[in-house]
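Throughout, protein chains are lettered first and strands after them, A, B, ... in sequence-line order, and every chain is numbered starting at 1.
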Protein chains: 2
Amino acid sequence: MSMDLTDLEPVERRSTAAIVADRIREAIMRGTFPPGTQLGEVELAGRLGVSRGPLREAMQRLVAEGLLRSESHRGLFVRDLDAADVRDVYVARAAVERAAGLLLIAGDRAAAVQRLADALAVMEAAADDPVALADADHAFHAELVAASGSPRLRRMADTLLVETRMCLAALQQTAPPADALLAEHRELCDAVRDGDPGRLTNVLESHMLDAVERILAPTIVPTVPSSLPSSDPKKPTDPAPPALPA
Amino acid sequence: MSMDLTDLEPVERRSTAAIVADRIREAIMRGTFPPGTQLGEVELAGRLGVSRGPLREAMQRLVAEGLLRSESHRGLFVRDLDAADVRDVYVARAAVERAAGLLLIAGDRAAAVQRLADALAVMEAAADDPVALADADHAFHAELVAASGSPRLRRMADTLLVETRMCLAALQQTAPPADALLAEHRELCDAVRDGDPGRLTNVLESHMLDAVERILAPTIVPTVPSSLPSSDPKKPTDPAPPALPA
DNA sequence: GGCCCGCGGATTGTTGACAATCATACGAGC
DNA sequence: GCTCGTATGATTGTCAACAATCCGCGGGCC
């Protein structure tokens with residue numbers, strides 16, 4: 001595996017705002033900042049070793065992605081996702097990943113299946129460790145969309161996958177059964193291999209529905225959207241914010 | 001139509017960065033800033049009556065949306081879209097709007113059809129004026145996605161629609177035939193009314209394909225993606241940047 | 001004559017400080 | 001005893017100046 005220098009990239013030089021945004025995004029994704037926590041600018045800036053200017057730029061970027069909500073003269077808060085948001089994330093993911101899968105089928109199917117199979121192997125190898133499995137799951141779907149070659153689908157999927165991780169981190173009451181998860185992904189891979197658009201759509205949508213149910217299992221989950229003047233509108237969950245790392 | 005104050009909203013107070021971002025986005029969308037133009041920070045800041053701080057935050061937001069590209073220590077430029085980008089925009093739009101349409105069918109179909117019919121009426125009224133028609137077209141699709149009730153699909157669609165307008169503004173060599181456009185939208189509305197998912201998918205995808213062909217008509221347009229070492233990669237269009245409004 | 005080096009102008013990236021706004025706690029008034 | 005007005009503290013929003021980097025151009029050297 002010799003690195004060939006023929007394609008030499010234009011020296012990736014990311015702006016500090018982008019780097020800071022990546023850091024914060026990662027932290028939000030990993031659950032380091034639980035939903036609802038306020039992100040003080042001075043504290044974060046000091047911790048990351050930058051001034052408030054670049055940090056605020058990074059925040060605006062994250063607000064645009066929908067990960068943070070900004071209240072004027074009040075502060076920036078990590079968006080907290082309710083059941084409706086969980087469903088919405090998976091609806092949007094189904095839309096994006098279905099389109100990506102169709103592009104895969106229409107394009108170089110063999111190469112796509114190869115990449116998917118590799119990602120699947122990583123998942124199988126990490127079946128024991130729940131967090132590694134979540135990472136591999138994330139990587140699988142990211143690869144699925146990236147292989148489609150559509151930059152816009154890719155960007156959308158990246159944001160949605162981060163939100164998915166937020167859901168999992170916030171509501172991770174139980175680790176998902178690894179075998180069922182693997183089976184679903186294998187089936188998804190097969191659908192691409194066979195090149196059957198209808199089957200891919202079905203597999204993908206049922207995969208998403210399963211995921212939603214898994215996440216929303218312990219909570220009250222009315223299947224009909226809205227129109228629920230149910231008992232208690234206030235959230236019972238309000239765990240003390242854990243200490244920040246490093 | 002008496003305004004009822006029962007639901008009184010939390011007083012919409014947008015941050016200046018968001019306002020500035022809207023302004024710039026609008027200008028890019030309308031073609032005031034042609035693709036490839038550099039946006040000087042001091043000039044823009046002075047023109048908008050804000051300092052460079054908030055302006056830079058707004059820029060980061062637009063970069064995150066993919067409307068601008070930032071070269072380090074070089075400046076911010078309006079992204080120029082090539083043929084592949086045009087196809088990609090419409091692929092993504094098809095994915096998003098299909099999902100939204102399916103949600104419409106599954107939800108309150110009557111209300112959705114009503115909103116779509118209203119938007120369609122606006123289009124019909126503006127059939128003569130090309131720019132008004134483009135606005136109405138934009139509004140129709142925005143309404144389609146907004147009516148789905150999915151905030152994520154909505155956000156994606158908003159960004160994609162702006163990019164669509166960029167394509168149109170940059171390559172508007174010929175006004176689209178209003179009658180064909182109206183017919184397609186009517187058919188789309190009917191598909192939602194009938195509640196036939198398959199038909200909706202077909203109508204929507206053909207609508208998108210038609211739009212792509214319309215835009216890419218005069219240029220060389222190979223139907224197969226990528227692998228085109230065609231003649232001239234550089235764009236002939238480089239009109240003098242028109243003066244800024246207000 | 002052609003190529004390399006260095007300088008001037010301009011623009012971006014970053015910083016620290018100033019002004020405006022909001023939440024909280026305390027005390028006066030009813 | 002409860003409510004309202006006010007002071008205080010902290011945080012956000014904004015600004016102008018400083019430092020770093022890059023493009024274009026002229027002079028020197030080969």
| query | Which letters describe nucleotides 12-23 of chain C, given B = protein heavy atom under 4.0 Å from base, S = only from sugar-phosphate, - = neither? | reply | BBBB-B---SSS

| message | Assess the residue pair A/Leu68 and A/Phe33 against the criterion (side chain to side chain contact (heavy atoms under 4.5 Å, CB included)); give the C-alpha distance rounded to whole Å, side-chain angles, the decisive distance to 0.1 Å, and a yes or no. | response | CA-CA 11 Å; A/Leu68 300 178; A/Phe33 300 118; over 6 Å; no

| Partner of B/Leu67 under side chain to side chain contact (heavy atoms under 4.5 Å, CB included), chosen from B/Arg61, B/Met59, B/Arg25 | B/Arg25

| query | Which of these passes side chain to side chain contact (heavy atoms under 4.5 Å, CB included) with B/Met29: B/Ile24, B/Leu168, B/Val162? | reply | B/Val162

| said: Regarding A/Arg165 and A/Asp135, does a basic nitrogen lie under 4.0 Å from an acidic carboxylate oxygen? | reply: yes

| request: Count the heavy atoms belonging to other residues, nucleotides or ligands that lie under 6.0 Å from CZ of B/Arg154, then report whether that count exceeds 12. | output: no

| Euclidean distance, atom CG of residue B/Leu55 to atom P of D/dA16 [Å, nearest integer] | 14 Å

